[in-house]
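The structure appears below as structure tokens.
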Amino acid sequence: NYRCRSAFKLIEIDDKYKILKPGYSVIDCGAAPGAWSQVAVQRVNSAGTNSEVPIGFVVGVDLLRLTPLDGAHFLSFSDVTDQSIQTHMQELLPSAQADVILSDMAPNASGFRELDHERLVTICLSVADLAERVLRPGGSLICKYWDGALAHQVQSRLASTFCEVRTVKPKSCRKESAEVYFLARFFKKNLKQIHF
Ligand code: SAM
């Protein structure tokens with residue numbers, strides 16, 4: 001029972017690429033209503049349901065109110081692009097590092113396609129900032145974007161910090177939608193990270 005059908009997009013990507021593993025720490029950006037977090041909680045075992053494997057950790061953040069979920073730490077009414085929120089998320093993480101960053105964030109549709117695209121690119125670049133602050137070397141990132149003129153900015157930013165960047169379009173996305181995900185893997189060792 002997932003809170004939203006979007007769960008199946010993450011399931012599809014993770015079944016193929018095996019990003020989420022028991023014991024991992026995950027940040028879920030734009031988590032409301034919480035379906036991706038539900039998948040993450042199951043796969044990293046952050047609710048401790050399976051006593052045979054390590055227990056992970058999930059932090060979910062959204063501008064909207066998040067309904068509590070067993071195994072997840074939720075920050076409601078919080079903007080991921082805000083530096084102080086990013087610091088707060090990092091402080092919550094065990095050892096201040098994440099293994100995986102997920103972002104299914106999208107701006108509210110303005111009705112102007114180019115403006116929406118520009119806003120989503122700004123959001124994606126801020127997720128790239130977050131990755132540079134908190135992702136452990138070797139870590140992964142999944143980030144939603146809409147294809148368009150500026151997508152290459154996000155792509156090249158990710159390509160400079162990850163060994164592998166690919167584009168994935170889950171079958172469970174509506175065919176006509178421009179929605180795509182960047183899957184960036186094998187984060188390079190980062191000298192910019194601040195350790196608490
Ligand atoms: N993955 C979620 C799930 O499976 O339940 C669905 C996410 S929904 C498509 C996108 C979410 O991103 C919205 O709830 C929106 O409030 C959030 N969002 C957009 N911009 C944000 C920001 N700057 N900071 C935090 N959340 C944001």
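When a residue number appears, it is its place in the shown sequence, counting from 1. Order of appearance sets the numbers: ligands from 1, and atoms from 1 within every ligand.
The single protein non-hydrogen atom nearest to atom 20 (N) of ligand 1 is L63 CD1, 3.7 Å, given as residue, atom name and distance. Here the protein heavy atom with the shortest distance to atom 4 (O) of ligand 1 is S6 OG, 2.6 Å. The nearest protein atom to atom 24 (N) of ligand 1, hydrogens excluded, is given as V80 N, 3.0 Å; this is a heavy-atom distance. Scanning the protein for heavy atoms near atom 16 (O) of ligand 1, the closest one is D62 OD1, 2.7 Å. Counting protein heavy atoms only, atom 1 (N) of ligand 1 is closest to D104 OD2, 2.8 Å. The closest protein non-hydrogen atom to atom 19 (C) of ligand 1 is A106 O, 3.1 Å.
More than 12 heavy atoms of other residues, nucleotides or ligands lie within 6.0 Å of CG in D15, so this atom counts as buried by the packing criterion. Remark: E114 CD is loosely packed, at most 12 non-hydrogen atoms of other residues, nucleotides or ligands lying under 6.0 Å away. A 6.0 Å sphere centred on NE2 of H88 holds no more than 12 heavy atoms belonging to other residues, nucleotides or ligands.
Scored by the side chain to side chain donor-acceptor pair (under 3.5 Å) test, Q42 finds Y2 as partners (sequence neighbours excluded). Residues meeting the salt bridge (Lys or Arg N to Asp or Glu O under 4.0 Å) test with R3, sequence neighbours left out: none.
In this structure, OG in S126 is found 9.0 Å from CG in D82, a value given to the nearest 0.5 Å. Rounded to the nearest 0.5 Å, atoms OG (S46) and CD1 (I55) are 9.0 Å apart.
For the residue pair D62 and G30, the shortest heavy atom distance occurs at OD2-C, 3.1 Å. The heavy-atom pair separating K144 from M105 by the smallest distance is CE-O, 3.7 Å.
Assignment of G34 to the shell around ligand 1 is supported, since a heavy atom sits closer than 4.0 Å.
Remark: ligand 1 atoms within the under-4.0 Å shell around heavy atoms of K144 are 9 (C). Heavy-atom contacts of L64 reach the following atoms of ligand 1: 14 (O), 16 (O) (cutoff under 4.0 Å). Every atom of ligand 1 with a heavy atom of S78 under 4.0 Å away is listed here by number and element: 24 (N), 25 (C). Within ligand 1, counting atoms from 1 as listed, the ones closer than 4.0 Å to a heavy atom of D79 are 22 (C), 23 (N), 24 (N).
For ligand 1, the polar-atom distance check against P33 finds a nitrogen or oxygen pair separated by under 3.5 Å. Geometrically, ligand 1 and I123 share no nitrogen or oxygen pair separated by less than 3.5 Å. For ligand 1, the polar-atom distance check finds no N/O of T81 at less than 3.5 Å from any of the ligand's N/O atoms. Considering backbone and side-chain atoms together, W36 places an N or O closer than 3.5 Å to an N or O of ligand 1.
The backbone N or O of E118 sits less than 3.5 Å from a side-chain atom of T122, completing a donor-acceptor pair.
None of V100, V39, L20 except one satisfies the side chain to side chain contact (heavy atoms under 4.5 Å, CB included) rule with D14; the exception is L20.
Residue nearest to atom 27 (C) of ligand 1, selected from R5, M105, K9: M105 (by heavy-atom distance). Among A35, G30, S37, A7, the residue whose heavy atom lies closest to atom 12 (O) of ligand 1 is G30. Of the options C4, C29, A32, the smallest heavy-atom separation from atom 6 (C) of ligand 1 is shown by A32.
Here S126 has no heavy atoms under 4.0 Å from ligand 1, in either its backbone or its side chain.
Taking the six-membered ring for Trp, F187 and F162 have ring centres closer than 6.0 Å.
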